[in-house]
Amino acid sequence: MGTLRSGLLGEIITMSIDTLRTNKMRSALTVLGVVIGITSIVGMTSLIRGFDNSLREAISQLGPNTIMVQKWGVLSLSGKSFLEVARRPNLSREDARAIERQCPSVALIDVWLGAMGNTQSRIYYGHDKTKAVAILGATENWAAVNFAKLEVGRLFMPAEVDHRRQVVVLGKNPWDSLFPNIDPIGKLVRIGANEFTVIGVLGKRPSPGGFSTGADDFAVIPFSTHEKLYGKVLKGSAKISANSFNPAVFRTAMIAVVPREGMRDDAMREVEALMRIRHKLNLEQPNDFDLATQDAVLKVWDQISGATFLGLVVISSIALMVGGIGVMAIMMISVTERTREIGVRKALGARRREILWQFLIEAAFLTSAGGVLGIILGSGIGMIIHWASGFPISLPWWSFAIGIGFSATIGIFFGLFPAIKASRLDPIEALRYE
C-alpha cells in the first residue's frame, strides 16, 4: 500500500464506492451467495454456541469431580452396539456399599434408581394430578451429589432411607402442577396407589437449549422405598437377544461417587479396580461398566459440536464459493465495460498497480458489504429464534470476525484475476475499444 501515491488510496476507494452505487441491483445479486454463506455461519454459530453453553450448565449439575458408575450412558454406546451394552451386568446397591467400604479416596456415595426413566407415574393431590413423571430412588446424599437447589423443606434422613419411609421430594413441575399457591410441606400425595408425605421441593434445573426436556418432571423417594414399590435390581445380566426385548436391561442402579478433595484420579482407579474384581473380569477383558465424569461427557460433546461446526463451515463455504464465482463474473464484465475508462486512466499516467488495486478494492468492498449484511441477518435470525422459542443464543465476537474475514478474502481471491486482466490492458488498444 505504501507504494501508492499519497491520497490515491482514498481516491480509489471513492471510485470503487461510486461504481458499486451506480449498479445497485447488479451489486446486490453479485453478493447474494456471500450474504447467504455469512448468514448461515453467524446464525448457526449463535445457536450452536447458545446450546453449548446451556448444555454445559446442565452437565455442571454433576459437579466437576463427581464420578458416575453406570451401565448405560453417553460413553457406553460410543463404538458399542445396543445388545453389547444391554448384556452388561446390572449395578446394585451392594456395589455402592463395596465402593464405600473399600475405596479410601471416596468421600461420598449415592445410589439412584429410575434414572433411565423406566419408572414413571402420575402424582395425585386431591382432584389435581401431574402428567407421568420419573420416580427416582436415591439416598440422603442425593442433593449433595447433584448440587440440587432445595427451594422449600428438607431431604431424606438416613432413618427414612433405612426404614423405607414413604416420603417424597418433588421436582419443580410437579410442585407447580399440584401446589401452585399452597405450601406443599406435610401434604399427602399419591404416587400410583401409595400415599407419600411431601417433605421438600426442588428448584428449576437447567435444560439444554431451554427446551422442555422434562428436566423438572420428576420426584425423588428413598432408594429402599423405590425397591419396595418397583422391585429390586436383578443381579447379573438380563437375558436379551436380537429377537426379544427385556425391560429388565434398564432396571439398573447408577452410582454417584464424590472423591475426597484433590483425589479424583485415585478414586477413579480404586473404583475401577474394585468393580473389575466384583464383575470377575480378567486382565484382557474390557470394562463392562462406565466411569463417566463431567470432563469425559464434555469431551464427547466437544467432538459432536466440533463436527457439527465443521459441517456448517463446509456447507456455508459452498454458498461463499458460488458468491465468489459470481463476483469474478461480474468483475470480468465490469473490466470489459470500462475498457475505455482504463485506457484513459493509463494514458493520464495511472500505473498498473493502481488499476490492480482499484479493481481488487472494488471486489473486496463488494463482498465485505455482503459480509456485514450477512452478519446482521444471521444475528437477527438468532435473536428472532431466541425471542420466539426461548432457545439460548450466543454471539461471540469471533463469529463476526470470521464473517468479515471470509467475505473480504472471497472478494480478494476471486477479484484477483479480473484485476490483473484490467491492469494488463494496453492503453492504446483500450482507447480504441468501442
Side-chain angles (χ1 to χ4, degrees), residues 53 55-80 85 88-116 136-150 154-158 161-162 169 202 205-206 220 222-224 233 252-303:
N53 292 339
L55 182 66
R56 289 176 187 276
E57 184 184 358
I59 293 173
S60 69
Q61 289 287 296
L62 284 178
N65 295 316
T66 303
I67 304 166
M68 300 302 301
V69 187
Q70 52 192 3
K71 171 181 176 177
W72 298 92
V74 175
L75 307 180
S76 61
L77 291 173
S78 178
K80 300 180 180 69
V85 177
R88 287 177 166 185
N90 292 326
L91 303 179
S92 65
R93 194 175 187 184
E94 285 69 32
D95 292 320
R97 285 170 173 161
I99 293 172
E100 192 172 24
R101 288 193 308 268
Q102 301 178 43
C103 297
S105 300
V106 172
L108 200 63
I109 289 282
D110 192 23
V111 192
W112 304 341
L113 276 178
M116 293 295 297
L136 308 180
T139 72
E140 65 276 9
N141 296 326
W142 188 80
V145 170
N146 250 291
F147 291 84
K149 183 181 178 183
L150 189 68
R154 62 175 178 85
L155 289 164
F156 313 129
M157 305 291 285
V161 177
D162 293 338
V169 177
L202 296 163
R205 305 170 79 188
V220 189
F223 185 93
S224 54
V233 174
T252 181
M254 188 179 293
I255 303 170
V257 178
V258 179
R260 299 186 188 280
E261 187 68 30
M263 302 185 71
R264 190 182 74 171
D265 292 341
D266 293 334
M268 285 191 71
R269 283 192 292 270
E270 291 169 4
V271 171
E272 181 178 16
L274 177 62
M275 292 301 297
R276 287 183 63 85
I277 292 171
R278 290 182 62 82
H279 288 189
K280 298 179 173 59
L281 299 174
N282 60 43
L283 292 175
E284 291 76 23
Q285 290 178 295
N287 290 344
D288 55 3
F289 54 90
D290 282 332
L291 296 178
T293 62
Q294 183 184 123
D295 292 342
V297 175
L298 287 175
K299 186 175 180 181
V300 172
W301 167 244
D302 286 340
Q303 293 174 346

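Values below: all heavy atoms of this structure, side chains included; hydrogens, waters and symmetry mates excluded.
Closest of all the heavy-atom pairs between Val161 and Ala138 is CG2-O, 4.4 Å. Across Val220 and Phe156, no two heavy atoms sit closer than the pair O-CZ, 3.3 Å. The shortest heavy-atom contact between Val111 and Ala253 is CG1-CB, 3.8 Å. Closest approach of Pro259 to Ala267, counting heavy atoms only: CB-CB, 3.6 Å.
No side-chain donor-acceptor contact under 3.5 Å links Thr66 to the backbone of Val258. For the pair Asp110 (side chain) and Thr139 (backbone), a donor-acceptor distance under 3.5 Å is present.
Looking only at side-chain heavy atoms (C-beta outward), Leu91 and Met275 come within less than 4.5 Å of each other. Contact check for Ile99 versus Ile109: side-chain heavy atoms found under the 4.5 Å cut-off.
By the side chain to side chain donor-acceptor pair (under 3.5 Å) test, Asn141 is found to be paired with no residue, residues two or more places apart in sequence or in another chain being considered. Listed by chain and number, the residues in a side chain to side chain donor-acceptor pair (under 3.5 Å) with Arg260 amount to none (sequence neighbours excluded). Leu155 pairs by the side chain to side chain contact (heavy atoms under 4.5 Å, CB included) definition with Ala143, Leu150, Val169, not counting sequence neighbours. By the side chain to side chain contact (heavy atoms under 4.5 Å, CB included) test, Gln285 is found to be paired with Leu281, Asn282, residues two or more places apart in sequence or in another chain being considered. Listed by chain and residue number, nothing satisfies the side chain to side chain donor-acceptor pair (under 3.5 Å) test with Arg93 (two or more places apart in sequence, or in another chain).
Atom CD of Glu100 is separated from atom CG of Leu274 by 12.0 Å, given to the nearest 0.5 angstrom. Summarising the geometry, atom CZ belonging to Arg154 is positioned 11.5 Å from atom CD belonging to Glu140; distances are rounded to the nearest 0.5 Å. Note: Ser92 OG to Arg278 CZ = 6.0 Å, rounded to the nearest 0.5 Å. One distance of note links NZ of Lys71 with OG1 of Thr252; it measures 5.5 Å at 0.5 Å rounding. In this structure, Leu283 CG and Arg276 CZ are separated by 7.0 Å, a value rounded to the nearest 0.5 Å. One finds the CG atom of Leu291 at 10.5 Å from the CE atom of Met68 (value rounded to the nearest 0.5 Å).
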Starting from the C-alpha separation in whole Å, work towards a yes-or-no answer on side chain to side chain contact (heavy atoms under 4.5 Å, CB included) for Trp142 and Leu202. CA-CA 12 Å; Trp142 188 80; Leu202 296 163; 3.3 Å; yes
Full working for side chain to side chain contact (heavy atoms under 4.5 Å, CB included) between Ile67 and Val271: CA-CA 9 Å; Ile67 304 166; Val271 171; 5.6 Å; no
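For residues 265-275, every residue pair satisfying the salt bridge (Lys or Arg N to Asp or Glu O under 4.0 Å) rule, not counting sequence neighbours, is listed here: Asp266-Arg269.
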